> 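Attaching a single structure in structure tokens format; questions to follow.
The figures that follow rest on heavy atoms only: side chains count, while hydrogens, waters and symmetry mates do not. The shown structure was predicted, so the numbers you read here are calculated from the model rather than taken from an experiment.
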Amino acid sequence: MTIIPPDVNIADLQAGLADDGVVAPPEMTPQILQVVAEARDKGYDLHFVVTDKVYPRITYYRDIATELQQETGGTVIVLGGNYIGSASDEFSRVQLEQTTDNLAISNPPLAAQQMLDRMTEQTQVPWTVVTLVLILVVAVGAAVARKLQLRKGTATRPVDSPAVDTVAATATAGRAEVESSKDDIHD
């Protein structure tokens, strides 16, 4: 569920994005259009909305981006007066959030360029492959540990030898003498 502030006209923003992918003050539009063109050259469908509004909830920016992205597709970034909102079917939420770290939000054209650079330069971590490799490492480690444990267990098992038998016999004889001495004392 998205919550759109009452002063935001989603239909007007969608119409503006449909024209050239940018809704921004006129002095910023040419620079942001260059970022949109660069994104298209890289194979991404990027849209920017720039507003000087400062909303009390930072989630409003993401909600506006989400609402716009449902109609436009691609990636929609809303650069607000105090925060950035984004929605995408091209980049993960993690990637989008990582791009906002130390962003030049006070300079929207620079922020737009930074976001594009960060989104497209991030390497995708193949988590499925990482998980499978970790499972394999753990399984091999367990097998090796078990094999070493079995090998060590057979090496420490006592071997029948005359010396062991002699020690055992001596201990038994010693105990018998002690028992016999106790019996003599009680008689």
> Please report the shortest heavy-atom distance between Val35 and Pro109, naming the atom on each side.
CG2-O, 4.4 Å

> Under 3.5 Å, is there a donor-acceptor pair between the side chain of Asp63 and the main chain of Ile3?
yes

> Identify whether Val140 and Leu148 are in the same connected component of the hydrophobic contact network (ILVMFWY, side-chain heavy atoms under 4.5 Å).
yes

> So how far is it from Ile77 CD1 to Ile32 CD1, rounded to the nearest 0.5 Å?
10.0 Å

> Side-chain contact test, heavy atoms from C-beta onward, threshold under 4.5 Å: evaluate it for Leu79 versus Thr51 and give yes or no.
no

> Could you tell me whether a side-chain N or O of Glu67 sits under 3.5 Å from a main-chain N or O of Ile4, the two making a donor and an acceptor?
no

> Would you give the length of the straight line joining atom CG of Leu96 to atom CZ of Arg118, rounded to the nearest 0.5 angstrom?
13.0 Å

> Using 30° and 60° as the class limits, which term best fits the ring planes of Tyr60 and Tyr55: parallel, tilted or perpendicular?
perpendicular

> Let me check something: any side-chain donor-acceptor pairs from residues 68-75 under 3.5 Å, sequence neighbours excluded? List them with distances.
{"from": "Gln69", "atom 1": "NE2", "to": "Gly74", "atom 2": "O", "distance (Å)": "3.1"}
{"from": "Gln69", "atom 1": "NE2", "to": "Asp89", "atom 2": "OD2", "distance (Å)": "3.4"}
{"from": "Thr72", "atom 1": "OG1", "to": "Leu68", "atom 2": "O", "distance (Å)": "3.2"}
{"from": "Thr75", "atom 1": "OG1", "to": "Ser88", "atom 2": "OG", "distance (Å)": "2.6"}
{"from": "Thr75", "atom 1": "OG1", "to": "Glu90", "atom 2": "OE1", "distance (Å)": "2.8"}

> Answer whether the closest heavy-atom distance between the side chains of Tyr61 and Asn82 falls below 4.5 Å.
yes

> Does the pair Thr100 and Met115 meet the rule for a side-chain contact (heavy atoms from CB on, under 4.5 Å), with working shown?
CA-CA 7 Å; Thr100 62; Met115 288 193 76; 4.2 Å; yes

> Could you pull out the closest heavy-atom pair between Ala111 and Ala104, with the gap in Å?
CB-O, 3.4 Å

> Please list all pairs meeting salt bridge (Lys or Arg N to Asp or Glu O under 4.0 Å) that have one or both residues in residues 30-44, counting only residues at least two apart or in different chains.
Glu38-Lys42, Arg40-Asp45

> Are side-chain heavy atoms of Lys147 and Val144 found at a separation under 4.5 Å?
no

> When you look at Arg93 and Arg62, which way does the side-chain contact (heavy atoms from CB on, under 4.5 Å) test go after all the steps?
CA-CA 11 Å; Arg93 171 63 42 203; Arg62 185 187 61 223; 3.9 Å; yes

> Hey, could you give me the CD/CG distance between Glu121 and Leu116, rounded to the nearest 0.5 Å?
8.5 Å

> Taking the side chain as C-beta and beyond, is there a heavy-atom pair between Leu103 and Thr99 under 4.5 Å?
no

> For Gln95 and Met119, work out which heavy atoms get closest and say how close.
NE2-O, 4.1 Å

> A side-chain contact here means heavy atoms from C-beta on lying under 4.5 Å apart; do Leu110 and Gln31 qualify?
no

> What I'd like to find out is whether the side chain of Ile64 reaches to under 4.5 Å of the side chain of Val49, using heavy atoms alone.
no

> Would you list the atom pairs, donor with acceptor, under 3.5 Å between side chains in residues 15-27 and any protein atom, with sequence neighbours excluded?
{"from": "Asp20", "atom 1": "OD1", "to": "Val22", "atom 2": "N", "distance (Å)": "3.0"}

> Arg146 side chain to Gly141 main-chain N or O, any donor-acceptor pair under 3.5 Å?
no

